[in-house]
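One structure is given here, and the rest of the page talks about it.
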Amino acid sequence: MDDQKSNHHNNKSIDLDDSPPFVRIHSHAEIGSSEERAVLELEDERLNSCDSITRKKHPFKETSSSDICHMKCKNSLWNSIKIVIFSSKLNILMVFGPAAIIVHKTTGYHGMVFLLSLLGIIPLAERLGYATEQLASFTGPTVGGLLNATFGNATELIISIFALRNGMIRVVQQSLLGSILSNMLLVLGCAFFSGGLVIMKREQVFNKAAAGVNSGLLLMSVMGLLFPAVLHSTRTELHFGKSELALSRFSSCVMLFAYAAFLYFQLRSSKKLYDMESKTETSDDDEAPEISMWEAIVWLSILTTWIAVLSEYLVDAIEGASTALKIPVAFISVVLLPIVGNAAEHAGAIMFAMKDKLDISLGVAIGSSTQIAMFGIPFCVIIAWIMGQPMDLNFQLFETATLFLTVIVVAFMLQEGTSNYFKGLMLILCYLIVAASFFVHVDLDSVVDKPHKNGE
């Protein structure tokens, strides 16, 4: 037995001595894990070999990143077109723009060209406002405010510039005046009326301090328009005709400076005054932009160019449309043109009022009126000065008195800081009176200018 044990021990030692030094006995767990590692290594080798084989068979797939980038550009372009052009049902009216050009080239019927151009500009004005909002979301509040001031009433300004180029100064004056009247009476009245019908259990509340500042600016614009008209009608100018024009240009520079100071005051110095409005806007309106910044810039340039093209046809057809449709030029300028330019703002103000967000509705209606009165009108006077056109702030006594009474009525409506459907109804009825007044109003300057223009 001892001999067997010793032999067994000797054999074991011999085996250990004969075996390589790095070989050891593995447990079952270690054997299993090593087998799994071997399987994983084999699978990795197969995958690598498959990748290498496919690369050898299809070498052009190495440039797939450029193809992906190209596809992304195509998709982003299509998405941008789909968002800007096909997202709004109002864009169906865009077809009337090319139709106006075709009718002008083929028949030359001014009444039809005028109506088609009006309908074609409505969706373009709305999309221009949308592109401006998208671009403003990428900038700070100061630049965003300047963008809204510049492009918020771009349609009216483009129409005015083409009318100035044609020497139609009265059309420019009356269309800008009509924009103020329609925003303050029709747009604000419809917002108050629709909001009051939806929320009838209580009165709607808005920031009356901010509304008071806008009312003060509107009264300042009335002052700027009133003095040249009074000087002209009383014939108390130092140099007849020249003093009135010089005063208008000086007052325009002062009004532009006042509007720039107002923007600074609104965006920087007095944030507490606009706390209610900013909180409301940030809760609902400061959403992520739907298009990129460069896409918004491209769309702004495209829409502005297309509006400029249609505005040229529109302005050229105004006098012919007045004769063909038997509508006074004053009514076309004060009522029809501003309604087209303010169609998008009109719908937006009503929508926000129905959601009980009157501060935004006031920003749309009264803010737009302030832009035109303190920025649009003085800007056109300066542009006319550069063009060599004698546009002044003398809007005649009838138009100036209409604006003065409108500002007074709206200021009284806003002083309490509350609104209801009855206030809105009163503003709408006031606008109907104003529109009827201009329908029977004969613009003496236009009547006097017609023989002179035909003589030319």
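Side chains included, hydrogens not; waters and symmetry mates left out as well; all remaining heavy atoms used.
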Give a yes or no answer on whether the side chain of [X] reaches the backbone of [Y] with a donor-acceptor pair at less than 3.5 Å.
{"X": "Ser322", "Y": "Ile327", "result": "yes"}
{"X": "Ser301", "Y": "Val298", "result": "yes"}
{"X": "Ser233", "Y": "Val230", "result": "yes"}
{"X": "Asn166", "Y": "Met168", "result": "no"}
{"X": "Ser361", "Y": "Ala353", "result": "yes"}

task = Could you check Ile332 against Val171 for side chain to side chain contact (heavy atoms under 4.5 Å, CB included), going step by step and ending with a plain yes or no?
result = CA-CA 9 Å; Ile332 291 175; Val171 171; over 6 Å; no
Minimum-distance pair of heavy atoms, taken over all atoms of [X] and [Y]:
{"X": "Leu427", "Y": "Leu185", "answer": "CB-O, 3.5 Å"}
{"X": "Ser175", "Y": "Leu337", "answer": "CB-CD1, 4.2 Å"}
{"X": "Val315", "Y": "Ile159", "answer": "CG2-O, 3.7 Å"}
{"X": "Ser160", "Y": "Val172", "answer": "O-CG2, 3.4 Å"}
{"X": "Ala125", "Y": "Ile307", "answer": "N-CD1, 4.1 Å"}
{"X": "Met220", "Y": "Ala258", "answer": "CE-CB, 3.7 Å"}

Partner set under side-chain contact (heavy atoms from CB on, under 4.5 Å) for [X], not counting sequence neighbours:
{"X": "Met293", "value": "Leu135, Phe138, Ile297"}
{"X": "Pro228", "value": "Glu244, Leu247, Ser248, Leu393, Asn394"}
{"X": "Pro98", "value": "Trp306"}

Quick one: are [X] and [Y] in side-chain contact, heavy atoms under 4.5 Å?
{"X": "Leu128", "Y": "Leu300", "result": "yes"}
{"X": "Ile83", "Y": "Tyr130", "result": "yes"}
{"X": "Met200", "Y": "Tyr421", "result": "yes"}
{"X": "Leu218", "Y": "Met184", "result": "yes"}
{"X": "Met391", "Y": "Leu164", "result": "yes"}
{"X": "Asn214", "Y": "Leu362", "result": "no"}
{"X": "Leu414", "Y": "Lys208", "result": "no"}
{"X": "Ile382", "Y": "Cys253", "result": "yes"}

Can you measure from [atom1] ([X]) to [atom2] ([Y]) and round to the nearest 0.5 angstrom?
{"X": "Leu303", "Y": "Ile121", "atom1": "CG", "atom2": "CD1", "value": "12.0 Å"}
{"X": "Thr305", "Y": "Leu124", "atom1": "OG1", "atom2": "CG", "value": "11.0 Å"}
{"X": "Leu181", "Y": "Leu176", "atom1": "CG", "atom2": "CG", "value": "11.0 Å"}
{"X": "Ser117", "Y": "Ile122", "atom1": "OG", "atom2": "CD1", "value": "11.5 Å"}
{"X": "Lys82", "Y": "Ile291", "atom1": "NZ", "atom2": "CD1", "value": "14.0 Å"}
{"X": "Leu405", "Y": "Thr400", "atom1": "CG", "atom2": "OG1", "value": "11.0 Å"}

request  = Give every residue pair that meets the ring-ring contact (aromatic ring centres under 6.0 Å, His included) criterion with at least one member in residues 379-406, sequence neighbours excluded.
outcome  =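 Counting only pairs at least two positions apart or across chains, the ring-ring contact (aromatic ring centres under 6.0 Å, His included) contacts touching residues 379-406 are Phe375-Phe379, Phe398-Phe438, Phe398-His441.
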request  = Using the ring-ring contact (aromatic ring centres under 6.0 Å, His included) rule, collect all pairs that involve residues 310-336, keeping only residues at least two apart or in two chains.
outcome  = His104-Tyr313, Phe331-Phe439
message = Go through it in stages, so that I can follow the logic: the residues are Ser419 and Leu358, the test is side chain to side chain contact (heavy atoms under 4.5 Å, CB included), and I'd like the CA-CA distance, side-chain angles, deciding distance and then a yes or no.
response = CA-CA 9 Å; Ser419 75; Leu358 270 187; 2.9 Å; yes
Cut-off 3.5 Å, no hydrogens considered: what does the side-chain donor-acceptor table look like for residues 187-199, sequence neighbours left out?
from: Ser194; atom 1: OG; to: Cys190; atom 2: O; distance (Å): 2.8
from: Ser194; atom 1: OG; to: Ala191; atom 2: O; distance (Å): 3.3

remark   = His110 meets the ring-ring contact (aromatic ring centres under 6.0 Å, His included) criterion, sequence neighbours left out, with none
message = Please determine whether side chain to side chain contact (heavy atoms under 4.5 Å, CB included) holds for the pair Phe162 and Val309, giving the CA-CA distance in whole Å, both sets of side-chain angles, and the decisive distance to 0.1 Å.
response = CA-CA 10 Å; Phe162 278 101; Val309 171; over 6 Å; no
[X]: which residues meet the salt bridge (charged side-chain N to carboxylate O under 4.0 Å, His left out) condition with it, sequence neighbours left out?
{"X": "Glu312", "value": "Arg165"}
{"X": "Glu203", "value": "none"}
{"X": "Arg235", "value": "none"}

task = Check the pair Thr402, Val334 against side chain to side chain contact (heavy atoms under 4.5 Å, CB included), reporting the backbone distance first and the verdict last.
result = CA-CA 11 Å; Thr402 305; Val334 175; over 6 Å; no
request  = Check side-chain hydrogen bond (donor to acceptor under 3.5 Å, both in side chains) between Ser252 and all other residues, then give those that pass, not counting sequence neighbours.
outcome  =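 With neighbours one apart ignored, the set is empty.
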request  = Give a yes or no on whether Met112 atom CE has more than 12 heavy-atom contacts from other residues, nucleotides or ligands under 6.0 Å away.
outcome  = no
inquiry  = For residues 394-417, which residue pairs pass the salt bridge (charged side-chain N to carboxylate O under 4.0 Å, His left out) check, not counting sequence neighbours?
reply    =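 Residue pairs with at least one partner in residues 394-417: Arg170-Glu399, Glu416-Lys423.
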